[in-house]
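This report refers to the structure that appears directly beneath it.
As the structure is a computational prediction, the values presented were derived from the model and not from experiment.
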Amino acid sequence: MAKVLAARSMGSLAGMDAKLEALAKLEALAEEIDAALARQKSNGLLRRAIKAWRRGDIVRAGQLALAGTNADDTNAKAFHVLAMALERMGHLHKALVTYERAFALDPDDPELLINLGLTAWNLKMNDGAARMFELYIAACPDSPLGYNNLGSIQGDMGHPTTAIETLRGAIHRMPSEAILWNSLATVLAEDGRAEEGLVFYNEAIRLDPTFARLYHNLGYAYQHLGMLPEALDAYDMALSHAVDPAERIESAHSRSICLIGMGRLEEGFREYEIRNSERFRAYVHHMLKAPRWNGEPLDGKRLLAVGEQGLGDEFMFANILPDLQRAVGAAGKLQIAVDPRLVTLFQRSFPDAEVGSYDDRTLLDKDGNKSLRFIPFAVERGEPDYYALMGSALTIFRKRLEDFPRQAFLKPDPARVARFREVLGAAGEGPTIGICWRSMMLDAKRAKYYSKLDMWGPILKTPGVRFVNLQYGICADELARARDLHGVDIQLVDGLDLTNDIDGAAALSATLDLVISAPTAAAATAASVGSEVWFLTAGRTWPQLGTDEFPWYRKSRVFSPDKFGDWDELMPKIGERLAGFAAARRSAAQSGEG
């Protein structure tokens, strides 16, 4: 007879639920064991990553930290080290995202706020960076790092008064922290107050006499003040204390610039080659198989000379090209790679050479951001025998001041010169003076090197002269304001794009009696074609090579105030000089010598 199964009671159902609950607990325990094992493995990789970092192997540290995050994707410390490695290798956006991941996992780690802020700062996300530093200060009010970084970025953002107050307040709380005194001095120096900053740098050094960066910054301040022997001593001290390779390269580079500025050319230009180190912050990888030229005989060889560092320096270093043309001889070939805007002017000036342009790109690889320079025209018929940055040839051909020929080395278009002479001649009589007062690229740090056109009244009111605009970029409002302030119309040449038509700017400059300019590409253009140029500088500059001129050019003078950036003191002196120049020109014209 079939047996009827009893219905399950509530108790039996409860017993089944208890078994499921037990299984769930066992499963959770197993997951905890797995998580613990994963964290153990992750932490092991993390320890290896930290060891790799300490021995300077940043790439390996990043690889191990990445493996640590793969082993345990909740390990905030592993993400932190990975972000640090990414940042050091130049992967800034990836580093920022990774820091954010680490902070989400461990919001109680204030050091992440510092690193988040520094990465955002490097990405020019200044407002966000400042906020991270403020949060760090709130979390760690007794640490100097937050105040130091906040004050520094406030200075970078063009708020020196706020920065100074931030740092002074921190120094009041922590007077023995050398980094705070250093940052206060640096903010003052970047605000054009380097002399005031010296006191604070020296106090920082008293507090921490082995802090290499302090000596480097002190040297920078001395250099601004024209105190070059003192600057050189400071750079030597920086090198004697520097441990980090990147910091040593920076100090060595600054020291070379100081030597050049002192007129110690052979030593200075030789040391200046440090910029060709792959670890130098501004290093450019030239995508060539040819070897770099190191002074080997060039007769009959094909040499590629490459411009570097911006338009103004491309003009200045082109001073060396006639020497290189002679060195390769009739049987050799000189190739010249320059900014695309310079090709026509340089080809006319060096008809026996082959002139073309370069193509700059940025590559992001496992080692970070790399600046790449491709020069396709130069390798169409195979690689040259050698290539050289134009500045590197200085070590061979410019060992002494006497080696500078002081001649024009670029040739403007004669037809355009003639046309511009007609245009300027139709506008009236009197010497024509070209003016340029600033760089096109200005930020809080660079502004101190340039005067405002508003300050040029003592120059612009000089009687008997006519002024012609050489200022490139957008400047219509400044010209209108100068007209309102000083009652002077500065002539514009219609249809001439001074930013992009450099060949036209060169032709216009060649027609002028004088150019008065800040040390810009406009001044370099005019000086290269042989025009007389008066350089107005905020202080002593290294291209003066220890003189009161720019020896790179045919005829130049440098005028700078006794106190760095004191334009109010300088401009009346230039006005007096210009009045004398104009009187001499009128006298020469009347006697038939002009």
Side-chain angles (χ1 to χ4, degrees), residues 154-164 187-196 224-226 310-312 432-463 465-493 498-499 505 509 512 514-526 533-541 543 550 557-579:
Q154 287 168 339
D156 259 12
M157 294 167 71
H159 307 306
T161 302
T162 303
I164 290 167
V187 169
L188 288 167
E190 293 293 359
D191 193 37
R193 299 160 62 182
E195 191 167 5
E196 294 177 55
H224 268 63
L225 295 170
L311 209 59
T432 52
I433 314 297
I435 62 168
C436 176
W437 54 95
R438 59 166 172 79
S439 169
M440 191 167 70
M441 297 178 63
L442 285 184
D443 56 25
K445 287 187 175 182
R446 288 173 57 84
K448 63 180 176 291
Y449 297 107
Y450 303 100
S451 62
K452 294 181 179 179
L453 187 57
D454 290 3
M455 301 175 176
W456 282 53
I459 297 174
L460 296 176
K461 292 178 180 179
T462 304
V465 300
R466 292 181 294 131
F467 294 97
V468 178
N469 182 60
L470 293 179
Q471 179 63 58
Y472 45 96
I474 299 172
C475 60
D477 289 346
E478 293 164 281
L479 293 172
R481 181 174 170 81
R483 182 174 59 250
D484 294 339
L485 280 176
H486 309 305
V488 176
D489 279 311
I490 299 168
Q491 184 175 350
L492 292 167
V493 176
L498 291 166
T499 301
S509 298
L512 301 172
L514 174 69
V515 171
I516 303 177
S517 175
T520 64
T525 304
V533 178
W534 292 359
F535 290 86
L536 305 191
T537 65
R540 180 162 289 276
T541 63
F550 273 33
R557 286 292 305 275
V558 176
F559 298 92
S560 56
D562 293 333
K563 182 179 179 181
F564 184 89
D566 189 354
W567 303 110
D568 290 334
E569 179 259 326
L570 180 65
M571 293 306 183
K573 295 180 181 179
I574 305 301
E576 292 177 9
R577 288 293 189 105
L578 182 57

Apply side chain to side chain donor-acceptor pair (under 3.5 Å) to [X] and list each qualifying residue two or more places apart in sequence or on a separate chain.
X: S560; result: none
X: K573; result: E569
X: S517; result: T520

If you take all heavy atoms of [X] and [Y], which pair is closest and at what distance?
X: A505; Y: T525; result: C-CG2, 4.2 Å
X: L453; Y: H486; result: O-NE2, 3.7 Å
X: P160; Y: D191; result: CG-OD1, 3.6 Å
X: V533; Y: A523; result: CG2-O, 3.9 Å
X: I459; Y: G575; result: CG1-N, 4.1 Å
X: S451; Y: W567; result: CB-CD2, 3.5 Å

### Query
When you look at L470 and L512, which way does the side chain to side chain contact (heavy atoms under 4.5 Å, CB included) test go after all the steps?
CA-CA 11 Å; L470 293 179; L512 301 172; 3.9 Å; yes
### Message
Among I574, V488, L578, exactly one meets side chain to side chain contact (heavy atoms under 4.5 Å, CB included) together with T462. Which residue is that?
### Response
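One option only clears the test, and that one is L578.
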What's the spacing between [X] [atom1] and [Y] [atom2] if we round to 0.5 Å?
X: Q154; Y: T161; atom1: CD; atom2: OG1; result: 10.5 Å
X: L479; Y: L492; atom1: CG; atom2: CG; result: 5.5 Å
X: T541; Y: H224; atom1: OG1; atom2: NE2; result: 11.0 Å
X: L311; Y: Y472; atom1: CG; atom2: OH; result: 7.5 Å
X: R540; Y: L225; atom1: CZ; atom2: CG; result: 12.5 Å

Do the non-hydrogen side-chain atoms of [X] and [Y] ever get within less than 4.5 Å of each other?
X: V465; Y: L514; result: no
X: V493; Y: L498; result: no
X: L485; Y: L460; result: no
X: V515; Y: C436; result: no
X: S439; Y: Y449; result: no

### Query
Q471 side chain to R438 main-chain N or O, any donor-acceptor pair under 3.5 Å?
yes
### Query
Picking from F550, W437, Y450, what satisfies ring-ring contact (aromatic ring centres under 6.0 Å, His included) with F535?
F550
### Message
Does M571 form a side chain to side chain contact (heavy atoms under 4.5 Å, CB included) with L536? I'd like the steps, not just the answer.
### Response
CA-CA 9 Å; M571 293 306 183; L536 305 191; 4.2 Å; yes
### Task
Check the surroundings of atom CD in E195: do more than 12 heavy atoms from other residues, nucleotides or ligands lie under 6.0 Å from it?
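No, not enclosed.
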### Query
Are more than 12 heavy atoms from other residues, nucleotides or ligands located less than 6.0 Å from atom CG of D484?
yes
### Query
So D454 and R481, side chain to side chain contact (heavy atoms under 4.5 Å, CB included) or not? Walk me through it.
CA-CA 8 Å; D454 290 3; R481 181 174 170 81; 2.6 Å; yes
### Task
Begin with the C-alpha distance, continue with both residues' side-chain angles, and end with the deciding distance and a verdict on side chain to side chain contact (heavy atoms under 4.5 Å, CB included) for R577 and I516.
CA-CA 11 Å; R577 288 293 189 105; I516 303 177; over 6 Å; no
